[in-house]
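Below: one structure, written as structure tokens.
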Amino acid sequence: MSESAAEYFGQHGFRHAWSVDFEFVVLPGHKPNPFCMVAKCAITGKTIKLWGDELNHCPFACDDNELFIAYYACAESACFDALGWPQPRRMLDLYAEFRLATNGVGSNFGKGLIAALLHYGLPTIGGEEKDAMRALAIRGGPWSDEERVSLLDYCESDVDAVLRLLEPLLGAIGRSGEDFGRALLRGRYMAALGIVENNGIPIDTELQNRMIHHWSAIMQNLISEVDEDFGIYDNGRFVQARFEAYLYDNNIPWPRLYTGRLKLDDETFRQQAKVYSSIAPLHQLRHALGQLRLNGINVGPDNRSRTMLSPFGSKTGRNQPSTSSFIFGPSVWIRNLIKPEKGRAIAYVDWSSQEIAIAAALSNDALLWEAYESGDPYLAFAKQAGIIPPDATKDSHPEARQQCKAIVLGLNYGMMPQSMSAQSGVHIERARQLLNLHKATYRTFWAWGEANVDHALMGLPLSTVFGWRIHFPHGRGLELNPRSLLNWPMQSHGAEMMRLAVSMAVEEGLVICAPVHDALLIEAPIDDIEQHTARLSEIMADASEMVLGAGKRCRTDAKITRYPDRFEDEQRGAHMFSIIMKLLHRAENQK
DNA sequence: TCTATATCACCC
DNA sequence: AAACGGGTGATATAGA
């Protein structure tokens with residue numbers, strides 16, 4: 001046991017610092033089913049090994065003086081939860097710490113436990129051995145005595161590996177109470193997220209199964225209806241050569257990529273369909289087909305969709321769940337499959353204009369904050385810039401508002417006038433003019449943003465208020481995108497706000513089903529949903545204030561869905577869902 | 001027939 | 001050179 005790690009944890013007042021690891025079987029859409037656990041204390045050297053039924057009782061005192069250390073701790077938290085153990089109160093997650101320590105430079109080896117060991121030149125078991133043991137674990141029981149010994153040994157080897165990682169990663173964290181407190185904050189989120197992963201999202205599996213069953217018929221019907229006039233599809237596939245021949249036969253000129261291939265993106269189709277109306281049905285078909293993806297949403301026996309939420313996956317510290325297995329990943333209509341079960345309700349609560357609030361608060365731009373607080377930052381900008389009179393409204397000046405909205409949203413990403421005009425249809429000169437007005441109106445924000453960019457370009461780290469960082473040291477040939485650097489603080493603080501809110505909500509016992517970057521999905525009994533939603537909104541506003549500073553609270557919007565209704569987004573998903581349902585009924589009647 | 005690459009679409 | 005940030009994933013085609 002490393003002397004310095006023991007001292008480090010002792011210094012922060014811990015009785016034990018358990019490096020803990022479970023082996024578990026997890027079927028798609030299910031909670032993990034742990035079958036063994038090894039824990040070693042970095043302070044006392046004590047070791048605990050549990051197998052099978054021995055997991056029925058939690059061997060730990062889960063109080064504030066017991067620290068748990070793991071690599072990718074949401075898995076351990078999910079195992080605690082699945083076993084009915086009390087939740088760990090203090091967690092240190094070396095995965096999060098490794099991601100942080102290498103954010104920007106990256107690691108040549110990846111993000112996993114072995115990658116971290118290799119990165120620091122520490123001994124590790126071979127990747128093949130690890131894969132073999134993982135396969136043995138996934139296979140599920142029963143295991144022979146011999147297999148059981150090797151699985152426990154393997155589990156212990158991960159526990160030891162985590163202990164070896166302490167030296168470099170505690171070094172990266174730093175010794176001060178503040179440094180360590182921030183690491184515990186990340187660990188706290190990992191613990192909460194394990195619960196969220198276990199909660200899952202209630203799904204109308206009956207409808208989902210009907211759709212899956214008739215999926216190919218739905219696709220076929222959709223395609224054949226349009227394609228009989230074109231003859232471009234083959235077995236559900238768009239054949240470019242056939243499309244090219246069609247264009248040639250019909251004398252339709254078509255834009256090409258620099259490679260000579262046809263430009264086939266949605267925007268090109270939209271433009272072309274305006275001129276050559278015969279193209280329009282094909283455009284609609286391609287657009288619809290682009291939204292047709294239904295595989296990969298895994299649902300457990302309790303009709304709840306579960307997937308890894310992959311915290312700290314991105315440079316900004318956002319979660320990065322697989323977009324095919326996370327129901328909020330594919331196109332919006334898929335969310336209509338979300339449905340609370342009998343007696344229950346859900347609510348989708350999101351921060352309104354979160355990144356604008358962050359930009360305003362952190363840059364200390366009083367005018368921008370005023371614009372945010374007005375409730376309509378786009379209209380407020382138009383007024384502050386003198387484009388419309390002070391008494392103008394959304395209804396009196398819709399066009400100016402729309403233009404300003406495009407500017408205000410695009411500027412978060414460092415958008416240039418050219419693409420701004422291409423995107424929003426505003427003339428390029430108008431876009432340029434509005435951009436300059438924005439820079440003149442929100443001088444403080446722009447000075448702050450550009451200072452951040454310069455800071456990072458000089459090889460210095462950018463950091464959020466709670467210590468998520470990115471660092472591009474000089475001399476490593478790293479390619480930096482100034483627009484990314486401009487946006488980084490907004491997105492990173494948004495992620496931080498979300499982590500805080502999830503931690504607090506879960507610890508209060510609210511049932512959080514999913515984080516969606518700037519939104520949370522919560523569930524409750526129908527009779528409690530309003531109260532729980534109100535409480536969550538309060539927590540989210542509190543979290544925003546912790547990040548943005550006293551008095552700077554970010555508003556939230558909430559949309560409640562009660563059984564027997566299904567989740568719905570009238571603006572974006574409803575139309576496509578109705579088309580799919582029509583096709584489904586047709587397919588079911590064809591039989 | 002399989003794999004790598006480019007392109008595109010979706011999400012916040 | 002490009003000029004819209006952070007992502008994941010499917011698909012169509014070219015190439016081995």
Side-chain angles (χ1 to χ4, degrees), chain A residues 103 219 232-244 256-270 286-297 307-335 348 350-355 358-359 406-424 428 431-432 435 449 452-453 462 468 470 479-495 497-498 514-521 569 572-573 576:
Chain A
N103 199 25
M219 300 265 278
I232 284 166
Y233 282 80
D234 175 42
N235 241 330
R237 294 179 187 287
F238 185 89
V239 182
Q240 288 181 25
R242 288 195 195 167
F243 182 54
E244 200 161 357
R256 288 175 186 270
L257 298 161
Y258 76 99
T259 54
R261 285 171 62 171
L262 294 166
K263 218 168 168 318
L264 294 170
D265 60 293
D266 194 66
E267 180 57 25
T268 301
F269 264 93
R270 202 173 63 81
R286 278 180 62 87
H287 188 73
L289 285 171
Q291 299 189 300
L292 288 193
R293 254 203 287 162
L294 189 62
N295 46 8
I297 307 294
T307 187
M308 279 204 306
L309 296 170
S310 301
F312 299 106
S314 78
K315 290 187 275 193
T316 56
R318 276 188 178 182
N319 300 330
Q320 218 51 252
S322 151
T323 55
S324 61
S325 52
F326 185 48
I327 196 161
F328 288 95
S331 54
V332 171
W333 74 266
I334 300 270
R335 297 174 193 185
Y348 187 87
D350 66 333
W351 281 288
S352 11
S353 304
Q354 188 196 42
E355 289 198 5
I358 294 169
I407 296 290
V408 171
L409 290 176
L411 283 178
N412 273 337
Y413 305 145
M415 203 189 249
M416 305 294 278
Q418 187 155 356
S419 45
M420 196 109 50
S421 74
Q423 175 100 0
S424 64
I428 184 161
R432 198 166 282 142
L435 173 61
N452 287 329
V453 175
L462 293 179
W468 185 252
I470 194 158
E479 277 187 34
L480 300 192
N481 177 347
R483 294 173 303 285
S484 165
L485 299 172
L486 185 68
N487 180 250
W488 191 89
M490 267 71 88
Q491 201 177 116
S492 297
H493 282 96
M497 207 180 273
M498 185 277 294
V516 197
H517 299 310
D518 69 344
L520 298 176
L521 186 72
D569 187 322
R572 298 177 299 164
M576 189 63 198

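Throughout, protein chains are lettered first and strands after them, A, B, ... in sequence-line order, and every chain is numbered starting at 1.
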Partners passing side chain to side chain contact (heavy atoms under 4.5 Å, CB included) against [X] (at least two apart in sequence or in another chain):
X: A/N103; answer: A/R99, A/K315, A/W468, A/I470
X: A/R286; answer: A/Y233, A/F238, A/L264, A/F269
X: A/N235; answer: none

Practice prompt. Have a look at A/M416 and say if it touches a base, only the backbone sugar-phosphate, or nothing, with a 4.0 Å heavy-atom cut-off.
Written response: sugar-phosphate
Practice prompt. Mind checking A/F326 for me? I need base, sugar-phosphate or nothing, with any heavy atom below 4.0 Å counting as a touch.
Written response: nothing
Discussion item. What does the B/S/- profile of nucleotides 1-12 of chain B look like, 5' to 3', with a 4.0 Å heavy-atom cutoff to protein?
Written reply: ------SSSSSB
Mind listing the closest non-hydrogen atom pair of [X] and [Y] along with its distance?
X: A/N452; Y: A/L462; value: O-CD2, 3.5 Å
X: A/P311; Y: A/N319; value: CA-OD1, 3.3 Å
X: A/A406; Y: A/M420; value: O-SD, 3.8 Å

Worksheet item: Quantified in whole Å, what is the P atom distance between nucleotide B/dT7 and nucleotide C/dA3?
Response: 12 Å
Worksheet item: Rounding to the closest angstrom, what is the interatomic distance between B/dC8 and C/dA2 at atom P?
Response: 15 Å
Discussion item. What's the separation between atom CE in A/M415 and atom CG in A/L486, rounded to the nearest 0.5 Å?
Written reply: 12.5 Å
Under 3.5 Å, which donor-acceptor pairs link side chains of residues 322-332 of chain A to any protein atom two or more places apart or in another chain?
residue	atom	partner	partner atom	Å
A/S322	OG	A/S324	N	3.2
A/S322	OG	A/S324	OG	3.2
A/S322	OG	A/S325	N	3.2
A/S322	OG	A/S325	OG	3.1
A/S325	OG	A/T307	OG1	3.1
A/S331	OG	A/Q291	O	3.1
A/S331	OG	A/W333	NE1	3.2

Fill in: Segment of DNA chain C, first to last nucleotide, that comes within the 4.0 Å heavy-atom reach of chain A
C/dA3 to C/dT13
